[in-house]
Q: 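Here it is, the structure, as structure tokens.
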Amino acid sequence: MADPSDEAQGLWLVRAFLSLPPEKRAEVIAFVEDLVRADTQPDNGQEAPDVRPGAD
């Protein structure tokens, strides 16, 4: 079970994200996608899989 303070922080982050204007939300999403892509980048030079929801 998650720590209540972790849950509170998660809710705070969601509320903060939702309070952003749409263009800023898009910037945040692009930034996070870049972080995930960099983190999942294979070491052998192959392209990383598309990790966006619904990208299958």
Side-chain angles (χ1 to χ4, degrees):
M1 182 168 201
D3 181 3
S5 63
D6 289 344
E7 291 179 11
Q9 184 176 15
L11 286 173
W12 181 85
L13 288 170
V14 169
R15 288 181 183 141
F17 175 77
L18 292 175
S19 70
L20 293 172
E23 61 276 1
K24 291 294 183 184
R25 285 188 207 172
E27 288 180 33
V28 171
I29 291 169
F31 176 75
V32 171
E33 286 176 345
D34 287 345
L35 288 176
V36 170
R37 195 172 297 111
D39 190 49
T40 60
Q41 189 76 30
D43 291 333
N44 61 7
Q46 294 178 346
E47 187 174 320
D50 193 345
V51 294
R52 293 175 297 161
D56 313 40

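All heavy atoms count here, side chains included; hydrogens, waters and symmetry mates do not.
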Q: Among Val28, Ile29, Leu35, find the one that has a side chain to side chain contact (heavy atoms under 4.5 Å, CB included) with Phe31.
A: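 For Phe31, the side chain to side chain contact (heavy atoms under 4.5 Å, CB included) test succeeds with only one of Val28, Ile29, Leu35, which is Leu35.
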Q: Are Val14 and Val32 connected, step by step, through hydrophobic side chains (Ile, Leu, Val, Met, Phe, Trp, Tyr) whose heavy atoms are closer than 4.5 Å?
A: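 Shared cluster, yes.
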Q: About how many Å separate CZ of Arg25 and CD of Glu23, when rounded to the nearest 0.5 Å?
A: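 Glu23 CD to Arg25 CZ: 9.5 Å, rounded to 0.5 Å.
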Q: Side chains of Phe17 and Leu13, heavy atoms from C-beta outward: is any pair under 4.5 Å?
A: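 Not in contact.
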